[in-house]
Amino acid sequence: MNNKKKIIGVCGARLFNQIPIQFINTLKEEGLPGDYFIIAFSSNSDDEEETDGYKGENQLYELIKYISFSALVILAETLKNKKIINKIAQTGHDKGIPVFVVDGNVEGCINLNFNYYDGFENMVRHIIEHHGCRKINMLAGFKENNFSEARIEAYKKVLSENGIPFEQERLAYGDFWEKPARKAVEGFLKSGLPFEAIACANDAMAVAACSVLNEHGYNIPEDIIVTGFDGTISSRYHFPVITTCEPDFEGAARFIIDQTDGWGKPGMDNPGNYNINFRTRRSQSCGCEDKTMHEINTVIASLTHDVGDCTWHNIAMGQMLTALIDKKDIMDVVKCIPEHTNLWSQNFRFACFKTDLLEQCKVTETYSRMTTILNVHNNNFGNIGEKFSIEEFMPHLDDVMSADNNVDILIVRQFNSGRSVYGYIAEGYPVLKARALQRCNEFSMFLTHAVDNVIYNFKMTQMNKDLKGLNKNLEEAYNKIAGLYLKDYMTGLYNRRGFYEKIGLMAEQYACKGKYIYIFSIDIDRLKYINDNFGHAEGDFAITTIASAIYNTGGEDSVCARFGGDEFICAVLADTPDAYSAEGFYKELKTNINSTDGINDKEYPVGASAGMCCSSFTNDIDIEDMIRAADKRMYKDKSEHRREYLNNI
């Protein structure tokens with residue numbers, strides 16, 4: 001592959017988070033004058049150890065071999081898995097290009113590490129030497145965590161240099177997130193030990209500290225100064241705006257560009273490592289800036305747009321899954337894509353499947369021959385079905401990288417269902433935005449589920465063909481397969497297919513005529529937050545807790561189903577149209593959730609949003625319409641929960 005632009009590859013996990021987005025955007029801005037292009041690879045897993053999906057994740061980084069990179073950047077703290085990090089680094093060494101490792105240390109690479117110590121030291125120094133505080137408490141992160149302990153040492157150092165004795169009672173651990181930080185600040189207040197400031201080891205804890213202090217009648221910064229660290233967007237949008245430290249990504253990006261431009265020239269062979277320093281951003285929460293509302297209308301408008309986009313995009317993706325629920329041919333998936341993605345194809349989007357998957361419904365363990373299944377830019381859908389070798393990575397990449405296309409960054413993700421990889425998607429942007437990346441993640445996730453379903457249907461069809469002619473135990477074998485086919489493996493509730501089959505059987509029973517059917521749509525609140533911050537095991541706990549609560553609320557005669565990752569449906573029959581109410585169902589659901597064993601020991605809330613629709617059970621009833629109506633009411637409930645949550649942080 002030849003092109004005029006120099007390409008920098010960025011490798012990380014879950015690049016839709018704020019810090020990677022900010023870093024990649026800054027790298028793009030620094031690289032534009034030198035005519036650079038960025039291709040970033042975003043894997044699904046950030047597990048340190050090898051998991052079932054390790055082979056699948058490995059396939060993503062195999063693609064690096066086929067692109068003419070000028071440099072590679074590894075975001076080590078997001079990837080975490082040392083084997084994958086070392087493999088990426090070795091690929092860069094084999095290509096003879098510089099390999100930069102951000103927030104990690106890999107032998108033979110140029111390591112760029114955040115200078116957390118000096119950054120936090122400067123923040124504490126600002127509180128003491130600029131604002132004159134002497135009674136300063138600190139919210140650290142996790143106990144015995146290297147990042148947390150470094151900031152504690154910086155705190156102690158500045159205290160000592162200013163003749164202030166360290167008092168253990170003024171140090172508490174907030175674990176870098178909201179709930180334990182709130183508990184720690186409550187502890188400060190109950191101790192009776194007066195304090196003038198709280199230096200927090202990150203912005204999330206600073207926001208939580210402000211919230212607790214406000215609840216107790218303290219004004220920030222008039223009564224107590226609060227500072228954060230990391231320079232997150234949430235700190236800018238908080239009122240008062242949080243004084244914090246933000247990483248000098250511009251300096252790091254310039255270093256990467258300069259080293260890449262000079263690679264191979266005399267004196268540029270051994271640049272050594274680089275420290276990413278932090279800059280103190282003095283603002284309202286320490287009193288350096290007057291308290292005023294910053295861009296509040298713009299923020300609210302942006303959040304409203306993103307919430308609406310998220311809602312309707314997930315509805316469209318759900319409709320796509322429904323349309324493919326009984327299909328047995330992968331080409332049916334390909335044909336269905338334009339019908340459900342046209343409204344969300346504002347950027348360049350390319351996707352391909354392994355050719356063997358399309359032609360034989362066969363999943364291979366490596367990439368070889370590929371077939372284009374999606375090629376769209378500015379809502380214009382190009383030809384599909386083009387076959388190409390994996391060594392090409394993407395047909396017509398030079399055209400995509402041309403200035404006319406307004407694409408400076410490609411994000412590459414896999415269609416990966418654990419051990420099986422079906423292909424990959426590359427979405428292009430002029431600048432990265434969180435919602436656009438989340439939309440790409442949603443699309444790849446839903447499309448992967450659709451392929452899973454079609455492959456399953458195909459295998460079941462093949463199995464049924466093989467079973468033909470076998471008379472002994474045929475009915476028993478079929479019933480066992482059907483049972484597995486209709487149930488969700490994790491919760492034991494019906495899956496989407498099982499739900500519709502059960503409802504169909506109910507409609508055929510004469511006893512149901514003249515009755516009323518209630519459809520409840522239930523969605524877990526903040527499941528992604530639980531998965532991202534506490535791991536998928538805790539996310540599974542939340543899923544099974546909600547599933548059990550729904551079943552107990554609906555009762556044994558209800559039809560309860562898990563439609564997707566955090567989406568549930570419950571159908572109940574009654575004799576009258578006023579037998580149930582959304583409020584009553586939700587109240588009982590909440591009671592059942594709170595009675596789950598171990599729920600009170602969790603450091604995160606487990607909750608759900610619900611919506612209801614009721615109709616008479618007639619021959620021409622449209623269950624899909626009822627689900628859509630219940631969904632709309634559920635999303636309204638979810639928006640209210642989200643507002644309550646934002647008001648409480």
Side-chain angles (χ1 to χ4, degrees), residues 139-145 148 171-191 198 200-202 204-216 488 490-493 520-556 558 560 562 565-568 570 582-611 634 637-649:
L139 273 184
F142 295 100
K143 270 189 177 180
E144 299 179 2
N145 171 272
S148 180
L171 173 66
Y173 293 88
D175 295 354
F176 289 124
W177 74 283
E178 176 199 355
K179 189 171 181 179
R182 291 182 63 90
K183 184 177 179 181
V185 177
E186 293 283 1
F188 286 153
L189 295 172
K190 290 177 181 177
S191 72
I198 302 178
C200 303
N202 75 350
M205 294 192 296
V207 170
C210 288
S211 177
V212 173
L213 293 172
N214 285 332
E215 291 167 8
H216 285 269
D488 175 61
M490 180 185 294
T491 63
L493 303 183
F520 296 92
S521 173
I522 305 102
D523 198 284
I524 302 176
D525 289 338
R526 304 178 77 214
L527 177 61
K528 178 180 177 299
Y529 171 81
I530 296 172
N531 281 327
D532 287 351
N533 290 276
F534 303 95
H536 288 276
E538 294 300 315
D540 291 348
F541 173 85
I543 291 170
T544 54
T545 295
I546 298 297
S548 178
I550 292 170
Y551 181 82
N552 291 332
T553 303
E556 293 183 359
S558 63
C560 302
R562 182 187 178 199
D566 57 359
E567 301 171 12
F568 296 82
C570 178
E583 294 79 11
F585 182 91
Y586 180 77
K587 184 177 180 180
E588 187 172 350
L589 177 68
K590 190 174 182 181
T591 298
N592 286 325
I593 292 172
N594 292 336
S595 65
T596 303
D597 288 342
I599 194 77
N600 294 324
D601 297 329
K602 299 300 179 182
E603 294 185 325
Y604 53 82
V606 177
S609 302
M634 179 273 291
D637 187 40
K638 183 174 281 289
S639 295
E640 292 174 357
H641 289 179
R642 186 179 289 109
R643 279 196 298 273
E644 291 173 4
Y645 172 75
L646 292 174
N647 289 335
N648 290 328
I649 62 174

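Small disclaimer: the values here were computed from a predicted structure and weren't measured. Residue numbers start at 1 and run along the sequence shown.
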| request: Could you please spell out the steps behind the side chain to side chain contact (heavy atoms under 4.5 Å, CB included) verdict for F176 and F142? | output: CA-CA 7 Å; F176 289 124; F142 295 100; 3.5 Å; yes
| Derivation and outcome, side chain to side chain contact (heavy atoms under 4.5 Å, CB included), residues M490 and D540 | CA-CA 8 Å; M490 180 185 294; D540 291 348; 3.3 Å; yes
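In terms of heavy atoms, L527 sits closest to G565 at CD2-O, 3.9 Å. Listed here is the closest heavy atom pair of I593 and A549: CG1-CB, 3.6 Å. Minimum interatomic distance between A184 and A172 (heavy atoms only, all atoms of both residues): CB-CB, 3.8 Å. The minimum heavy-atom distance linking C560 with C570 is given by the pair SG-SG, 3.7 Å. Nearest heavy atom pair, residue I546 against residue A608, reads CD1-CB, 4.0 Å. When all heavy atoms of T491 and D488 are compared, the closest pair comes out as OG1-OD2, 2.7 Å.
Note: S595 OG to K590 NZ = 13.0 Å, rounded to the nearest 0.5 Å. For the atom pair N214 CG and C210 SG, the distance stands at 6.5 Å (nearest 0.5 Å). Residue M205 holds its CE atom at 8.0 Å from CG of D175, rounded to the nearest 0.5 Å. The CD1 atom of I522 sits 4.0 Å away from atom CD1 of I550, with the distance rounded to the nearest 0.5 Å. Separation of atoms CD1 (I530) and CD1 (I524) is listed at 7.5 Å; rounding is to 0.5 Å.
Side chains of Y173 and P180 form no contact here, defined as non-hydrogen atoms less than 4.5 Å apart. Contact annotation: the side chain of I543 approaches that of R562 to within less than 4.5 Å [non-hydrogen atoms, C-beta and beyond]. You'll find the side chain of F188 reaches within 4.5 Å of the side chain of L139, heavy atoms only. The shortest side-chain heavy-atom distance between L189 and L213 falls under the 4.5 Å cut-off. Looking at heavy atoms from C-beta onward, R526 lies in side-chain contact with P605 at the 4.5 angstrom threshold.
Listed by chain and residue number, R182, S211 satisfy the side chain to side chain donor-acceptor pair (under 3.5 Å) test with E215 (two or more places apart in sequence, or in another chain). Take D525 and apply the salt bridge (Lys or Arg N to Asp or Glu O under 4.0 Å) test, not counting sequence neighbours, and it matches K638. Among residues two or more places apart in sequence or in another chain, the side-chain contact (heavy atoms from CB on, under 4.5 Å) test is passed with D637 by Y586, S609, E640, H641. The salt bridge (Lys or Arg N to Asp or Glu O under 4.0 Å) test applied to K587 returns no partner, not counting sequence neighbours. Remark: K602 engages E538 in a side chain to side chain donor-acceptor pair (under 3.5 Å) (not counting sequence neighbours). Contacts of T553 classified as side chain to side chain donor-acceptor pair (under 3.5 Å), with partners at least two apart in sequence or in another chain: N592. Residues forming a ring-ring contact (aromatic ring centres under 6.0 Å, His included) with F585 (at least two apart in sequence, or on another chain): F520. Taking the salt bridge (Lys or Arg N to Asp or Glu O under 4.0 Å) definition, one finds that E567 meets it with nothing, sequence neighbours left out. Every ring-ring contact (aromatic ring centres under 6.0 Å, His included) that F534 has, sequence neighbours left out, goes to W177, Y604. Take F568 and apply the ring-ring contact (aromatic ring centres under 6.0 Å, His included) test, not counting sequence neighbours, and it matches no residue. For E588, the salt bridge (Lys or Arg N to Asp or Glu O under 4.0 Å) criterion is met by no residue, not counting sequence neighbours. By the ring-ring contact (aromatic ring centres under 6.0 Å, His included) test, Y551 pairs with no residue at all, sequence neighbours left out.
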